[in-house]
Amino acid sequence: MIDITWELNEETERLTEELKKNLNLPSHFLGIQARGGDKVTEVDLLKIEKYRDILYNRSEQDVFLLTDDYTIYKDIVSACPEKKIYTLCTEKEKGYVNSEFTHTEKQQKETQMKRFLASMQILMEANHFIGTITTGPCMFLFKHLYPNITIMDYDKDRLDEIVGTPIETRAVQVQDYLKNR
């Protein structure tokens with residue numbers, strides 16, 4: 001279904017290619033998402049150490065990070081100095097908060113959404129993707145890139161059981177899974 005439904009319009013595709021070119025991202029890279037912002041109202045956010053531990057166990061040196069909080073980017077860079085971390089997140093971004101986003105000017109919303117879509121397109125080209133079952137983008141990428149995925153907070157072999165369940169259900173599953181690890 002992704003192959004049928006996912007297609008960027010020409011303007012967003014051009015922007016994506018320009019952003020990728022400016023990043024100097026190599027053709028082989030690891031993808032990861034780390035969420036901040038209002039996600040904390042739905043689930044406990046994973047600690048930077050969890051990301052560090054998983055990245056340390058991967059041989060890839062180049063990592064593209066989708067995040068909504070530049071502090072997370074800086075923390076991962078600091079925790080993983082041997083990795084080259086790329087992102088489209090800007091220094092002014094301190095976490096996506098939906099109630100704030102809905103009151104944002106149209107042009108700024110459009111810019112943010114295009115950068116988000118560009119990030120998703122970049123992640124779809126990753127050799128391997130790391131994420132959590134508590135975010136929509138990760139669930140989308142898990143299905144697209146399976147089996148080249150690492151789920152940080154759930155059993156990869158049980159992904160089909162959790163797809164399509166509400167965030168509240170996934171949050172409980174994460175707590176149970178992490179408690180038993």
Side-chain angles (χ1 to χ4, degrees), residues 1-8 12 16 19-20 23 25-69 72-73 76 79-80 83 85-89 95-96 98 113 115-181:
M1 289 300 292
I2 291 170
D3 292 337
I4 296 170
T5 59
W6 181 267
E7 185 176 344
L8 300 176
T12 307
T16 300
L19 291 169
K20 279 174 39 180
L23 284 175
L25 186 65
S27 58
H28 296 287
F29 63 94
L30 183 67
I32 191 167
Q33 184 192 19
R35 187 62 213 281
D38 62 3
K39 183 53 74 175
V40 73
T41 64
E42 299 174 329
V43 298
D44 293 332
L45 300 179
L46 295 174
K47 305 276 187 249
I48 293 300
E49 292 78 20
K50 180 84 170 158
Y51 292 93
R52 180 201 62 217
D53 294 347
I54 288 175
L55 289 173
Y56 267 125
N57 290 317
R58 299 292 310 183
S59 62
E60 298 91 345
Q61 294 303 305
D62 297 291
V63 180
F64 180 80
L65 168 67
L66 168 57
T67 188
D68 56 358
D69 186 337
I72 292 172
Y73 166 75
I76 290 177
C80 304
K83 303 287 185 184
I85 313 290
Y86 304 81
T87 190
L88 295 180
C89 186
Y96 175 84
N98 191 58
M113 288 307 300
R115 280 189 21 262
F116 170 73
L117 292 170
S119 292
M120 288 296 291
Q121 180 63 45
I122 291 168
L123 287 172
M124 289 173 71
E125 298 167 11
N127 299 91
H128 191 92
F129 177 71
I130 299 168
T132 170
I133 65 166
T134 59
T135 71
C138 284
M139 295 296 281
F140 176 83
L141 290 159
F142 287 153
K143 292 301 283 182
H144 176 66
L145 294 169
Y146 191 90
N148 298 322
I149 62 170
T150 298
I151 302 176
M152 299 172 60
D153 55 4
Y154 200 68
D155 182 356
K156 174 180 166 179
D157 296 328
R158 295 179 57 208
L159 179 61
D160 283 342
E161 296 173 24
I162 201 78
V163 169
T165 60
I167 185 64
E168 298 83 14
T169 302
R170 288 183 273 148
V172 169
Q173 291 293 321
V174 165
Q175 287 176 341
D176 291 344
Y177 179 80
L178 294 175
K179 193 181 330 174
N180 296 319
R181 302 278 304 145

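As the structure is a prediction and not an experimental result, all values here were calculated from the model.
A donor-acceptor pair is defined here as one N or O able to donate and one able to accept, closer than 3.5 Å; such a pair exists between the side chain of Asp153 and the backbone of Ile133. For the pair Asn127 (side chain) and Phe29 (backbone), a donor-acceptor distance under 3.5 Å is present. Put simply, the side chain of Lys83 never gets that close to the backbone of Ile76: no donor and acceptor are under 3.5 Å apart. Proximity of a side-chain donor or acceptor of Arg115 to a complementary backbone N or O of Leu88 within less than 3.5 Å is detected. When atom types are taken as modelled, the side chain of Thr67 and the backbone of Ala34 share a donor-acceptor pair closer than 3.5 angstrom. Distance alone, capped at 3.5 Å, places no donor-acceptor pair between the Glu7 side chain and the Thr5 backbone.
Taking the six-membered ring where the residue is Trp, Phe140 and Trp6 present tilted rings, their angle falling between 30° and 60°.
Between Arg58 and Glu60 there is a salt bridge, since at least one side-chain N of the basic residue sits less than 4.0 Å from a carboxylate O of the acidic one.
Nearest heavy atoms, Ala126 versus Gly31: CB-N, 3.7 Å. Contact between Thr87 and Leu65 at its shortest, heavy atoms only, is OG1-O, 2.8 Å. Nearest heavy-atom pair across Gly131 and Cys138 is CA-SG, 3.6 Å. Between Ile85 and Tyr73, the shortest heavy-atom contact is O-OH, 3.5 Å.
A donor-acceptor contact under 3.5 angstrom links the side chains of Asp62 and Tyr86, judged on distance only.
Shown here are the ring pair (Phe, Tyr, Trp, His ring centres under 6.0 Å) partners of Phe142, two or more places apart in sequence or in another chain: Phe129.
Checking each of Leu8, Leu19, Thr12 against Gln121 for a side chain to side chain contact (heavy atoms under 4.5 Å, CB included) leaves exactly one that passes, namely Leu8.
Residue pairs meeting the salt bridge (Lys or Arg N to Asp or Glu O under 4.0 Å) criterion with at least one partner in residues 117-144, sequence neighbours excluded, are Lys20-Glu125, Lys143-Asp160.
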